[in-house]
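Proteins come first, then strands; the chains are lettered A, B, ... in the order of their sequence lines, and each starts at number 1.
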Amino acid sequence: MNWLAEQFAALSPAVQATLWTVLIAMAAATSSALLGSYLVLRRMGLVGDAISHAVLPGLVVGFLMSGTRELWPMLLGAAIAGLAMTYLAEWLRRHAQVEAGGALGVVFTSFFALGVILINLYASQVDLDPGCVLYGALGTSALDTIRILGLDVPRSFLSLGAVALLDLAFVAVFWKELKISSFDPALATTLGISAIVMNYLLMGSVAVTVVAGFEAVGSILIIAMLIVPGATAHLFTDRLATMLVTAVLVGWIAAAGGCLLAVHFDTSEAGMISVVAGAEFALAALAAPRYGIAARILRGFAFAFRIVQEDVLARLYRLEEGVAVRDAGALAMHRPAAERLARIYLRARRQLTRAAGGWALTERGRARAQALVRSHRLWEGYLSEQLRLPLDHLHEAAHRMEHYMTPQFAEKVEERLVQRDADPHGRRIPPQPSP
Amino acid sequence: MSRPGDIQTPPAVELHDLTVAYHKKPVLWDIDLAIPEGEMVGIIGPNGAGKSTLIKAVLGLVPAATGWVRVFGESYASRRREVGYVPQRESVDWDFPVSALDVVLMGTYGRLGWCRRPGAAERKQALGALERVGMQDFARRQISQLSGGQQQRVFLARALAQNARLYLMDEPFAGVDAATETAIVNVLRDLKQQGRTLLVVHHDLQTVEGYFDRVVLVNLRLVAAGPTREVFTRDNLLATYGGRLTILDQAAETVRRFEDWLPQTGAEPPHSAARAAAPQRLLSPPGAPPPAQPQHGAAPQAARRPPGENHALP
Ligand SMILES: Nc1ncnc2c1ncn2[C@@H]1O[C@H](COP(=O)(O)OP(=O)(O)OP(=O)(O)O)[C@@H](O)[C@H]1O
Ligand SMILES: [Mg+2]
């Protein structure tokens, strides 16, 4: 510890200041990422934004009443303002029948306006720089230090660190309550874990956290710190604990990366932190294994490819049955390249083989094709018998549906049919192939 | 306040002149109802009839505008440990980052009280509950990667983990295939055998008589309640169902869900598809004979299909 302190003291003041800036931002990121994750899961991103504005009058009143720039009175004021806003918005929604988003909008803008008016009214006593609230003051707050253990520690690092620990304790102590009231508030309430109480506890903590976050990025960009890490983490994981840890890491990277980039380019830390957070999200959205856009596109291709395969198989099956080539050919030809690819793939999967003058189904391929044709014809029968669709309306619909039908569903449909052995065109409905 | 006849054991659920309103607009009017302990009771009614609201009112999730609710003769709050709840599946966000086991563990939270974490005993119990519904192999799976029927089983397992005396279940059979439905029914019958009371919102009129000892028919008001044989009649059903359902939007829904889900493994769409699109929920238009008549008993399915079905579609 001492050794570390000595090393640190040996650094040049500019580097020290930068390091402290990074640490302050990381402390703020810790608490915002933790609580923000819950906001993301509860689909309450807008609420985070609203609270970050609504706490302003609480800050001012806290400041006026304590007369100091100590953080704690302001945090208390903010928490009260945050809770008041939550309560009022809920009340409006309930009793004035204003829709939830609207109620929130009305209340938080009024609160924010009230805060601005208060600052202007008491401008002489409030040395609360509106610019600092809006844009954060990372650079300067690193300079306001007190001496601890032979080290000049910025006050804001201490207070933000304390808030981070507080939030960590909150999440740890109310782990199961937060989990169940976020996932299934109704069940939570019936079990005696009041979802309403949990909501207020969370909102109060968010208000406190948001004020702490002002220091780092200001009220405008706090939403980036609050929501983006959680949203990014959600793309990567499917366990709550992992998600929280990932969110904090994402927040740290944004905080550290943003501060360093800001120093490098000599621009605003708040802006850079948000930019880095946004970049992390974009990257995750593209690359995340399950929910990422890239993965989704791939899956889309996989699905399209499956349809091509199935159409190739079904067409061969119909040809085997002796359906006129002209009719069978009309069945969904895909682009030649796609069909060729599908045939290669199917051959590798041993569902197709080369045969004299073309292709033939293997045992396996025939079973798969038979299930498809069966689904197709059952659905045609269903549409014709139950929906009374004319004959020329059946094929398109069945051709689409066949790709979605499970054997179980096909069986259900069959149970409903009067004519079970042939479709409305008189073609045989094959039985379910044995596996 | 008390019913005539034996009042030695209070009913499992008793509603007295209960009216429930959303935004002052009543959706349930003046319900009087007593559910005796140890029975399996179906709540039947069309969409928007107030079935879920009825259950929520018993659980204290929505306030009563007038009237009162008793659970085992007392207020819900003092009996909550003895009540298990299976909400409608759509009521939660299945993208939530928890595993099936996590969800089942939530059933033990009520017993644990504030701030205590579930321990080894609870985990064992939760695993046991998963096993009872045949889901032990999916314990570690994130819940959005389960099919609709599997999700429903997880919900049921969670209720089992609550180990309650009275179970309130909101459409536990919605969107499950025949096999899952049978599995769920068997679990419910087990529970009944152990003397527990089950109050189950149910939509499939064809299975009502097979499943339930008693039925409660609601549509904004109580139409009838009592032993299935006496109450589940053509006239009562006609009085309960004013509107009709169509299969077409359900089929559209199936396809939409499928595409949201987009296959990862190939050929198998979610099980919910099978059930959601199954035509048996189709109801006859007003005036046509009701879908299921008690005297048909075990008649084959085709014969039970209401004659009006073909015309019920646009
Ligand atoms: N939170 C709510 N706010 C306002 N109205 C509501 C709310 N929940 C339900 N309603 C209304 O109350 C009525 C009864 O709803 P409920 O959910 O109890 O019906 P249900 O019988 O369960 O229907 P379903 O079969 O579709 O589940 C409906 O008209 C519905 O629109
Ligand atoms: Mg309902």
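Counting heavy-atom pairs under 4.5 Å between each of B:Met106, B:Arg141, B:Gln162 and chain A puts B:Met106 at the top. Most heavy-atom pairs under 4.5 Å with chain A, from the set B:Asp93, B:Ile143, B:Leu59: that is B:Asp93. In terms of non-hydrogen atom pairs under 4.5 Å with chain A, the most contact-rich of B:Gly84, B:Gly110, B:Pro97, B:Ser91 is B:Pro97. Heavy-atom pairs under 4.5 Å with chain B were tallied for A:Leu240, A:Leu187, A:Thr242, A:Thr189; the largest tally goes to A:Leu187.
No part of B:Tyr22 comes within reach of chain A, as not one of its non-hydrogen atoms sits under 4.5 angstrom from that chain. Heavy-atom distances place no part of B:Val83 under 4.5 Å from chain A, backbone and side chain included. Neither the backbone nor the side chain of A:Ser37 comes within less than 4.5 Å of any heavy atom in chain B. Neither the backbone nor the side chain of B:Arg79 comes within less than 4.5 Å of any heavy atom of chain A. The part of A:Arg43 that comes within reach of chain B is its side chain, from C-beta onward, which places non-hydrogen atoms under 4.5 angstrom from that chain.
Counting non-hydrogen atoms of other residues, nucleotides and ligands closer than 6.0 Å to CG of A:Leu391 gives a total above 12.
Counting all heavy atoms, side chain and backbone alike, B:Tyr85 lies closest to A:Thr190 at CD2-CG2, 4.0 Å. Nearest heavy-atom pair, B:Cys115 versus A:Glu177, reported as atom, atom and distance to 0.1 Å: N-OE2, 2.6 Å. The two residues B:Asp95 and A:His234 come nearest to each other via the heavy atoms O-NE2, 3.1 Å.
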message = If you apply the rule salt bridge (charged side-chain N to carboxylate O under 4.0 Å, His left out), what do you find for B:Asp102 with A:Lys179, and how did you get there?
response = CA-CA 10 Å; B:Asp102 286 330; A:Lys179 190 194 230 178; 3.6 Å; yes
key: Derivation of the side-chain contact (heavy atoms from CB on, under 4.5 Å) call for B:Gln145 and A:Asp238   = CA-CA 10 Å; B:Gln145 295 164 26; A:Asp238 49 21; 3.5 Å; yes
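By the 30° and 60° cut-offs, the orientation of the rings of B:Trp114 relative to A:Phe174 is perpendicular.
Within the structure, salt bridge (charged side-chain N to carboxylate O under 4.0 Å, His left out) pairs that include any residue of residues 108-117 of chain B do not occur (at least two apart or interchain).
Rounding to the nearest 0.5 Å places CG of A:Asp184 at 5.0 Å from CZ of B:Phe155. Note: A:Leu191 CG to B:Tyr109 OH = 10.0 Å, rounded to the nearest 0.5 Å. Atom NZ of A:Lys176 sits about 5.0 Å away from atom CG of B:Leu112, to the nearest 0.5 Å. Distance check: B:Phe96 CZ to A:Met243 CE gives 8.0 Å after rounding to the nearest 0.5 Å.
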